[in-house]
Amino acid sequence: MTGAIWNLLLGLAWVLLSGDFTGLNLLVGLIFGYITLVLIEPQLDSLKGYPARIPRFIAFIGFFVKELIQANLRVAFDIVTPPWHMKPGVIAMPLSARTEIEITMVANLISLTPGTLSLDVSDDRKVLYIHAMFLDNEEELRRNLKEMEHRALELFR
């Protein structure tokens, strides 16, 4: 988290010093700030691992957008075709996430994807209950959701 704050501060300093208060200039400042932090990362223990987070975040965004488009197309296809293909059901998915913020992020990402909805977390915070609109293959759904959880948790670790 320290790296992200420093990157933001460097980006804002770039905007202030250049005098150009546009979004594009802020993006340029953030890129220059990131490059600076990559270069000084070996000297500061508080920045360890920060340079690897940005590429992981970009890869996660790409992965999530792909999953979002696929889920939207599947739900849209089911809506426009006369016989409904959905087979709704509830599954229990064991969680690898342990902290409150990790569990919340995973549950929200699942709920953002059309066709799935996070219902509840067990009292011991080890199982997430999910309602799925298409429960054709429970193991495949669980595997896809675990992949999403794994990629989301990589952002924290």
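Counting begins at 1 with the first residue of the sequence.
- Ring-plane geometry between Phe63 and Phe60 is classed as tilted, the angle between the planes lying from 30 to 60 degrees on a 0 to 90 degree scale.
- Remark: Ile101 CD1 is loosely packed, at most 12 non-hydrogen atoms of other residues, nucleotides or ligands lying under 6.0 Å away.
- Across Ala152 and Leu109, no two heavy atoms sit closer than the pair CB-CD1, 3.7 Å.
- With rounding to the nearest 0.5 angstrom, the CG atom of Asn108 is 6.5 Å from the CG atom of Leu112.
- Across all non-hydrogen atoms, the minimal contact from Met133 to Met86 is O-CB, 3.3 Å.
- Two different hydrophobic clusters hold Ile35 and Ile54 under the rule that ILVMFWY side chains link at heavy-atom gaps under 4.5 Å.
- The CG atom of Leu128 sits 8.5 Å away from the CG atom of Leu145 when rounded to the nearest 0.5 Å.
- Salt bridge present: Glu138 and Arg142 bring a charged side-chain N and a carboxylate O closer than 4.0 Å.
- Every pair passing side chain to side chain donor-acceptor pair (under 3.5 Å) that includes a residue from residues 21-36 is listed here, sequence neighbours excluded: Trp14-Asn25, Ser18-Asn25.
- Shown are Arg143, Arg151, His150; of these, the side-chain hydrogen bond (donor to acceptor under 3.5 Å, both in side chains) with Glu147 is made only by Arg151.
- Atom CG of Leu12 is separated from atom CG of Leu8 by 4.5 Å, given to the nearest 0.5 angstrom.
- Here Leu47 contributes atom CG and Ile40 contributes atom CD1; the two are 5.5 Å apart, rounded to the nearest 0.5 Å.
- Remark: the backbone N or O of Arg98 is paired with a side-chain donor or acceptor of Arg125 at under 3.5 angstrom.
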